[in-house]
Amino acid sequence: IGAIKGLFMLWFAKCKLNKQAFFLNGSVTLTLVDSTLPAMVNKVFQAIDGVAVREPYSYKNIKDFYPSLNHIKMYPDSVFSLSVNKDQLTKKVSELDISNKDFFCFSLSMLPMDYRKSRSKSSLVYIIKKLKKIVPNAILLAKDVEDQILKDVAKDTNSMFVGGNFDYLDVMSLLSKSKFIFSGRYHHLIFAAKVGCPTIPIASSSHKIHGLSELFKDIMPYPIDPTDLWGQIDTIVDAANNIMKTENIKELYINRAEKLKIDSMSQGALIKGDQ
């Protein structure tokens, strides 16, 4: 319903109020399950002044449905365009007892994981404990309300918990010191890449994580299905081990993120009418 409301607002602004209207920096997930959203996308995207999605899966999804929409562009997410001042990456991290400690970070996906009923016997608890045999400490990141269940997961796995009091610079500071992040949160993965933190991505309720992994092809692993952690334990452990033994992994992420930053900033030209 949120997507339908947004599309209507774009159409109304352009067609009834004669305002400039752009769809920018979003993902698009069209299916044949319900024909309403694809039909609205076709109608609205033909009418407005510009359309730019943030990852290649969304671009391909639109073109598969409507090949005639030939003005669709793809620019990496605007978060890539953030400038990171290393002097800013110092805030609340000093409050955590992580000096001289190796750790990895974890955050949830929008898809369900095995925990709420099985608790300490869940696949989520098991895999965090398994990863702690590779890197001895874990920090669980939970900003959104639905993610606060990670407080309990932290207790069950003897891990540290970071809540909503950490802003994005604090999180980036933390990730700059982390061995890797195992996450289904789209922007956590981008923050990580920008500071050279390797990632093990988890699939989300749309294909945006898959699209992000495509932008980091040959660097970032294919996204893990969080609804089947038991069946992917070996894959997750292998991904963590590969990260730990790849010497230049941080540089690979930083260099790719810098290239994507340049590409991301190009979408400003679309609004100016230069493209």
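What you see below is based on every heavy atom in this structure, not just the backbone, and it leaves out hydrogens, waters and symmetry mates. Computed from a prediction, not measured in an experiment: that's the story for all the values here.
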Which donor-acceptor pairs under 3.5 Å do side chains of residues 125-137 form with protein atoms, sequence neighbours excluded?
| from | atom 1 | to | atom 2 | distance (Å) |
| --- | --- | --- | --- | --- |
| Lys132 | NZ | Thr157 | O | 2.7 |
| Lys132 | NZ | Asn158 | O | 2.7 |
| Asn137 | ND2 | Asp102 | O | 2.9 |

Practice item. With sequence neighbours excluded, tell me which residues meet side-chain contact (heavy atoms from CB on, under 4.5 Å) with His187. Key: Arg54, Asp77, Val79, Ile190, Phe191
Check your understanding: Nearest heavy-atom pair of Ser213 and Pro221: which atoms, and what distance?
Key -> CB-O, 3.9 Å
Point to revise | Hphob cluster co-occupancy, Leu24 + Met9, side-chain heavy atoms under 4.5 angstrom | key: no
Point to revise | Lys63 atom NZ, over 12 foreign heavy atoms within 6.0 Å | key: yes
Review point. Less than 6.0 Å separating the ring centroids of Phe23 and Phe45?
Key: yes
Check your understanding: So with a 6.0 Å cut-off around CG of Asn165, is the heavy-atom count from everything else above 12?
Key -> yes
Practice item. Indicate, with yes or no, if Ile98 and Leu140 share a hydrophobic cluster defined by side-chain heavy-atom contacts under 4.5 Å among Ile, Leu, Val, Met, Phe, Trp and Tyr. Key: no
**Study point:** Arg119 atom CZ, over 12 foreign heavy atoms within 6.0 Å
**Key:** yes
Revision key, fill the gap. Taking every heavy atom of Ser107 against every heavy atom of Ile181, the minimum-distance pair comes out as OG-CD1, 4.3 Å
Check your understanding: Which atom pair, heavy atoms only, marks the closest approach of Met113 to Ile202?
Key -> CE-CD1, 3.6 Å
Point to revise | Nearest atoms (heavy-atom pairs only) where Phe80 meets Lys194 | key: O-NZ, 2.9 Å
Practice item. Would you check, one step at a time, whether the test side-chain hydrogen bond (donor to acceptor under 3.5 Å, both in side chains) holds for Tyr253 with Thr199? Key: CA-CA 9 Å; Tyr253 273 94; Thr199 66; 3.2 Å; yes
Practice item. Report the C-alpha distance between Arg185 and Glu146 in whole Å, list the side-chain angles of each, state the deciding distance to 0.1 Å, and finish with yes or no for salt bridge (Lys or Arg N to Asp or Glu O under 4.0 Å). Key: CA-CA 12 Å; Arg185 290 302 185 192; Glu146 61 268 26; 3.7 Å; yes
**Study point:** Greater than 12 external heavy atoms within 6.0 Å of Glu251's CD
**Key:** yes
Point to revise | Polar side-chain atom of Ser58 near backbone of Ser27 as donor-acceptor pair, under 3.5 Å | key: no
Exercise for review: Tell me, with the steps shown, if Leu124 and Leu108 meet side chain to side chain contact (heavy atoms under 4.5 Å, CB included).
Suggested key: CA-CA 10 Å; Leu124 177 57; Leu108 289 174; 4.3 Å; yes
Practice item. Please check if atom CE in Met110 has more than 12 non-hydrogen atoms from other residues, nucleotides or ligands closer than 6.0 Å. Key: no
Exercise for review: Work out which heavy atom in Ser178 is nearest to a heavy atom in Cys105; give both atom names and the distance.
Suggested key: OG-N, 3.4 Å
Revision key, fill the gap. Note: His207 and Glu55 closest approach over all heavy atoms is CD2-OE2, 4.0 Å
Practice item. Run through Val237, Asp238, Asp225 and flag the one making a side chain to side chain contact (heavy atoms under 4.5 Å, CB included) with Gln232. Key: Asp225
Check your understanding: What residues form a salt bridge (charged side-chain N to carboxylate O under 4.0 Å, His left out) with Asp49, not counting sequence neighbours?
Key -> Lys14
